[in-house]
There are 2 protein chains.
Amino acid sequence: MNALPGEFPAPTAEHAHTGAWVASVLRSRIADGQLTPGSKLSEQSLSASLGVSRNTLREAFSSLVGEGIVTRIANRGVFVAAPTRDDVQEIYRVRRMIEPAAVMWGEVSSSDLDAMDAIIAEATAAREAGSVPRMASANQALHRAVIAMSGSESLEVLMTRVLAQMRLVFHTMSSAPDFHSHYVHRNVDLVERLRAGQRAEAAEGLRSYLDAAEAELLEHLGD
Amino acid sequence: MNALPGEFPAPTAEHAHTGAWVASVLRSRIADGQLTPGSKLSEQSLSASLGVSRNTLREAFSSLVGEGIVTRIANRGVFVAAPTRDDVQEIYRVRRMIEPAAVMWGEVSSSDLDAMDAIIAEATAAREAGSVPRMASANQALHRAVIAMSGSESLEVLMTRVLAQMRLVFHTMSSAPDFHSHYVHRNVDLVERLRAGQRAEAAEGLRSYLDAAEAELLEHLGD
DNA sequence: AGACGGAGGATTGTTCAACAATCCGACTCG
DNA sequence: CGAGTCGGATTGTTGAACAATCCTCCGTCT
């Protein structure tokens, strides 16, 4: 949308609701790391810089708190969420439930599988190009596609929320080491098994991947 | 308008955040049917009757919209959500994923199973007493307990959200026929299989129960 | 020197009053 | 009987104001 740094769509145009627009601006600023975990969102400076009133900004804050990407501390303000160890474990608890469930009981259409193949192609290309961000993005796209097989809008929303928190986790790590390259083949396996109709095996493989990824991630940010 | 004899904790006492308190008041009024699906939540009358400002009420509205139990129509106001046929199907899509997942891959502690037995005892007692509300409540408690086996806070929150929408569905039906009595035995089967460690069978049985319940519910509110 | 404590200022939480934009209902007119 | 229109009511948003709370800094005391 607004890849340009410093300029957002319009300061005072007509948007669905101003509050929702403010929330979306903050959401993308957090997603791409302009606002780093733990940093404070001052009501005064933000309302001034976005050109909205404090009340409207506050309404946007409510949404973001509900999405879990921002934390409110009473009488102290709101801060970009800085996921703890427990938060990471909770993220993987959720993923270990809903992703294998979608694999086991979702609708596996061949067009979905083709889309997944395309994502994997992008992932391998990204690996050979040595681009960590592209690999991370492709990985998120693949797991989002897995959830999409469930056919449930709500679960997609939940997954979006979870993946947003995952991005926060990566942003908390000073260095972003190569976390994804050695998992590409597991995604290949996953899609192969799905295409072969081996749902149970696919689900088990997915669960063991999530276990391994969680363990490595926890070790990496081991306090 | 304001002649309602409602007694809530305190109009102007110390609560975490006033907005959160307002949201909780509205939440319970909707849950127990004081506010019926489709009815409008006027900013003016509600802010007056609750003794909060319109801005604070608005903040509460934001939360409730995020929880899906209230719908906002631009320039028209917010209304108690009136779940459609599609919404019901979405509810069951979610449940058909996360409940069997918790059964398949959750932690089955014997204390959890004992708690489930107690819930089933309450359900059978309610059936013999002919109390539909008690049966409905026990049923919700049991399925909430199933999700609790996942160990995931987020999934419990999602389940709470889903069950709140289920209550809205029941409130939309003029007559609340006996929907639960003939499903009690399936809950008994579920717990028995769980206790026997037959997870796959338990999950399949749960899925077929959810299919049947959805079908019956859809037929009952067939427009 | 270091710990304690207390102004003072800054920030949040909440309210109020105001205004533009929009919607709804009733009324008029053809 | 239908269509256009006008006025009132409601929502969306703003700005200012105030109490309550927190943070910072500075002076004091041991």
Side-chain angles (χ1 to χ4, degrees), chain A residues 8-27 30 35-36 38-67 69-82, chain B residues 1-4 8-27 29-30 35-67 69-82:
Chain A
F8 27 93
T12 168
E14 63 291 335
H15 297 93
H17 291 316
T18 309
W21 169 72
V22 172
S24 80
V25 170
L26 295 179
R27 215 176 284 123
I30 292 172
L35 293 169
T36 60
S39 62
K40 177 172 178 175
L41 302 183
S42 155
E43 294 190 358
Q44 178 167 326
S45 51
L46 267 182
S47 62
S49 98
L50 293 179
V52 299
S53 76
R54 270 183 61 211
N55 279 322
T56 302
L57 181 63
R58 236 141 185 300
E59 194 176 321
F61 281 168
S62 291
S63 305
L64 298 180
V65 168
E67 294 171 28
I69 63 182
V70 128
T71 301
R72 161 169 272 147
I73 304 180
N75 292 316
R76 300 237 331 179
V78 323
F79 304 80
V80 178
Chain B
M1 316 302 177
N2 50 0
L4 261 291
F8 23 93
T12 167
E14 315 302 341
H15 297 92
H17 290 312
T18 310
W21 169 74
V22 172
S24 81
V25 169
L26 295 178
R27 217 176 282 123
R29 284 194 188 179
I30 291 172
L35 294 169
T36 60
S39 61
K40 177 172 178 175
L41 303 183
S42 153
E43 294 191 357
Q44 179 167 323
S45 50
L46 267 183
S47 62
S49 98
L50 293 178
V52 300
S53 76
R54 268 181 65 210
N55 280 322
T56 301
L57 180 63
R58 237 142 185 294
E59 195 176 321
F61 282 168
S62 291
S63 304
L64 298 180
V65 168
E67 294 170 29
I69 64 182
V70 127
T71 301
R72 162 169 271 146
I73 304 180
N75 291 319
R76 301 242 335 201
V78 321
F79 303 80
V80 179

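Throughout, protein chains are lettered first and strands after them, A, B, ... in sequence-line order, and every chain is numbered starting at 1. Only a predicted model underlies this, so the values are computations on that prediction, with no experimental measurement involved.
dC16(C) atom P lies 13 Å from atom CD of Q44(B), rounded to whole Å. Taking atom CZ of F79(B) as the reference point, atom P of dC23(C) lies 12 Å away to the nearest angstrom. Look at CD on E59(A): it is 13 Å from C1' on dT14(D), rounded to the nearest Å. Rounded to an integer number of Å, the gap from H17(A) NE2 to dA21(C) C1' is 13 Å. Per the geometry, CG belonging to L57(B) stands 15 Å off C1' belonging to dC16(C), to the nearest Å. In this structure, E43(A) atom CD and dT21(D) atom C1' are separated by 13 Å, rounded to whole Å. The CZ atom of R76(B) sits 18 Å away from the P atom of dA9(D) (whole-angstrom rounding). Atom pair I73(A):CD1 and dT21(D):P shows a separation of 17 Å (rounding to whole Å applied).
With distances taken from any side-chain atom of N55(B) to the nucleotides dT15(C), dT11(D), dA17(D), the minimum falls on dT15(C).
Here I30(A) contributes atom CD1 and L35(A) contributes atom CG; the two are 5.5 Å apart, rounded to the nearest 0.5 Å. With values rounded to the nearest 0.5 angstrom, H17(B) atom NE2 is found 8.0 Å from E59(B) atom CD.
With a 4.5 Å cut-off on side-chain heavy atoms, L41(B) and V80(B) count as touching.
Each of V78(A), L26(A), V52(A) was scored for a side chain to side chain contact (heavy atoms under 4.5 Å, CB included) with L46(A), with one residue passing: L26(A).
In this model, the phosphate group of dG12(D) is not approached by any side-chain N or O of T18(A) to a distance below 4.0 Å at OP1 or OP2. Taking 4.0 angstrom as the limit, K40(A) places a side-chain polar atom (N or O) nearer than this to OP1 or OP2 of dT12(C). For dG12(D), the OP1/OP2 oxygens have no side-chain nitrogen or oxygen of T56(A) closer than 4.0 Å. Taking side-chain N and O atoms only, S42(A) has no distance below 4.0 Å to OP1 or OP2 of dT11(C).
Of the possible polar contacts, one joining the S47(A) side chain to the E43(A) backbone as a donor-acceptor pair under 3.5 Å is found.
Mapping N75(A) and R54(A) onto DNA chain D by nearest heavy atom places R54(A) closer to the 5' end of the strand.
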